[in-house]
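Because the structure is predicted, anything quoted here is derived from the model rather than measured. Computed from heavy atoms alone, side chains included, the values below leave out hydrogens, waters and symmetry copies.
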Amino acid sequence: MYCDEVFNYWEPTHYLQTGKGLQTWEYSPVYAIRSWAYISLHAVVMGALDLLLAKDKLQLFYLMRGVLGAASAYCEAKLYRAVVEHVNPRVGRFLLVILLVSTGMFVASTAYLPSTFAMYTTTLATAFALQPPGRLRTYAVVLLVALGAVVGWPFSAAVGLPFAIENLFLSGMPLTRLRRMVEAALLSIVAIMVLVFFAFTSPVAPLVLIDRIFYEKWTFVPWNIVLYNVFSGKEKGPDIYGTEPWWFYLLNGLLNFNIVFAAALVALPALLVDVCLTRNSFRKTMLLAIKILPMYLWLGIFTLQPHKEERFLFVVYPLICLNGAIALFVGKNWLEGLLGRVNSLK
């Protein structure tokens, strides 16, 4: 487990469960860059597990890891089904195998980290984004991206940019597209206020109120995170904890996904070349190309940051699997076509 996972999430949860736990500087009211709302959601689940199933702390720990793994499995299953139904069944088979055997997904799926929560919401949002345009699709994607950003990690909102571009400029009538986006944004604000609750004080309460109770002041943690990591300067920002070279995530991706990561990197150019070599629908291919852009956008953003950590890429780990599956499928088709031509010459 990561040190951040242990001291920034397991320890505060242990405090809520038992009244004992260590506090890191991130939970100081001076900085307030960790949300107690995220901790509280998990503490409620752990409280139920402790009451119904667990006999000691070790069992409770593994049961909670099991819950996180089950949540990830559900999200991955929804993505697999969406790929089978709306992209290609063979791409879905590639995706299923990659999700099952990749080291990266094994590590990220059960991590108690906001980036893992954002990975869940990003996976579900991608599953909906692969569906045909419609009001439900727009609402679901915007809500899930917003939920991942507010409850999980605020930077994860970046993965929604390609969808916003597609929905505003490429799907349906312009006024209809704009109305859907505005309606979805308003619905997301209301829904997040309802979904994020704090069981120890009231049945339903907004995220800001939860942090107000713990920090004893009004504060918006997602903004604090952005403020500290982006605008605090060199003396206080994340760079003081170490920097890595630009190729850090490339090496990390190869270690966690092997050849699949290399395939994921060439998925977009492979699609563009394929549409030129075949008679596939240009519009359909371009729409799929836009839907696989979030991985490139995320990798680009975090490659440019001097401070790098493996957990920062958790958000797009399932998208790496998806892009890799698409590239492998395209490559397989090219190989089959080449072998077919060779056999025809005999």
Side-chain angles (χ1 to χ4, degrees), residues 65-66 68-111 113 115-131 144 148 156 159 162 248-274 285 287-300 302-303 310-336:
R65 299 274 285 191
L68 294 172
S72 182
Y74 172 79
C75 299
E76 293 167 41
K78 295 290 286 185
L79 178 61
Y80 164 74
R81 175 52 57 186
V83 171
V84 168
E85 293 179 351
H86 304 294
V87 180
N88 188 288
R90 293 186 178 181
V91 175
R93 295 188 196 111
F94 276 117
L95 175 63
L96 178 61
V97 172
I98 295 169
L99 289 170
L100 287 173
V101 304
S102 67
T103 303
M105 289 303 302
F106 179 82
V107 172
S109 61
T110 58
L113 290 166
S115 52
T116 290
F117 182 85
M119 182 186 80
Y120 300 159
T121 58
T122 297
T123 304
L124 289 175
T126 303
F128 279 101
L130 292 174
Q131 298 177 8
L144 288 164
S156 66
V159 300
F248 176 84
Y249 288 129
L250 297 181
L251 178 59
N252 185 265
L254 290 172
L255 288 173
N256 279 310
F257 294 96
N258 209 294
I259 191 175
V260 171
F261 185 71
L265 293 177
V266 301
L268 181 59
L271 277 179
L272 299 179
V273 171
D274 187 66
T285 302
L287 287 175
L288 180 59
I290 291 174
K291 291 169 183 175
I292 67 173
L293 281 178
M295 186 208 76
Y296 296 100
L297 178 61
W298 191 263
L299 189 60
F302 282 89
T303 296
E310 178 185 353
R311 62 190 174 95
F312 294 170
L313 287 195
F314 283 6
V315 177
V316 294
Y317 268 11
L319 306 189
I320 292 173
C321 298
L322 174 60
N323 286 24
I326 291 173
L328 291 175
F329 172 72
V330 172
K332 181 189 74 69
N333 287 346
W334 290 351
L335 182 59
E336 288 179 349

Taking only residues two or more places apart in sequence, or in another chain, which ones meet [X] in a side-chain contact (heavy atoms from CB on, under 4.5 Å)?
X: A325; value: V91, F94, L95, I98
X: Y74; value: K78, L124
X: A267; value: I292, Y296, N323, A327

Exercise for the section: Might you point out which heavy atoms bring K291 and A129 nearest each other, and give the distance in Å? Expected result: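 Looks like CE-O, 3.2 Å.
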Problem - Backbone N/O of F248 and side chain of N252: donor-acceptor pair under 3.5 Å - result: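 Side chain of N252 to backbone of F248: no pair is present.
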Practice task
Spell out, as yes or no, whether a donor-acceptor pair under 3.5 Å connects the side chain of T303 to the backbone of G300.
Solution key: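 The answer is no, because no donor-acceptor pair under 3.5 Å joins these two groups.
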Are any of the side-chain heavy atoms of [X] and [Y] separated by less than 4.5 Å?
X: I326; Y: L271; answer: yes
X: N256; Y: F261; answer: no
X: V159; Y: V316; answer: yes

Mind checking the [atom1]-[atom2] spacing from [X] to [Y]? Nearest 0.5 Å is all I need.
X: L272; Y: L268; atom1: CG; atom2: CG; value: 4.5 Å
X: F128; Y: L144; atom1: CZ; atom2: CG; value: 6.5 Å
X: L265; Y: M295; atom1: CG; atom2: CE; value: 5.0 Å

Practice task
Check step by step if side-chain contact (heavy atoms from CB on, under 4.5 Å) holds for T103 and N258.
Solution key: CA-CA 9 Å; T103 303; N258 209 294; over 6 Å; no
Handout entry: More than 12 heavy atoms of other groups within 6.0 Å of R65 CZ
Key =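 Yes, CZ of R65 has more than 12 neighbouring heavy atoms, counting only those of other groups under 6.0 Å.
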Problem - I259 atom CD1: more than 12 heavy-atom contacts under 6.0 Å - result: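 Not buried by this count: 12 neighbours or fewer within 6.0 Å.
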Handout entry: Which residues share a side chain to side chain donor-acceptor pair (under 3.5 Å) with N88, sequence neighbours left out
Key =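 N88 satisfies side chain to side chain donor-acceptor pair (under 3.5 Å) with no other residue.
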Exercise for the section: State which residues pass side chain to side chain donor-acceptor pair (under 3.5 Å) with T116; sequence neighbours excluded, sorted by chain then number. Expected result: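 Scan of T116 (side chain to side chain donor-acceptor pair (under 3.5 Å), adjacent residues dropped) gives none.
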Practice task
Keeping to residues at least two apart or across chains, list the ring-ring contact (aromatic ring centres under 6.0 Å, His included) pairs with something in residues 311-335.
Solution key: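 Every pair satisfying ring-ring contact (aromatic ring centres under 6.0 Å, His included) with a residue in residues 311-335: Y2-F314, W153-F312, F257-Y317, F302-F312, H307-F312, F314-Y317.
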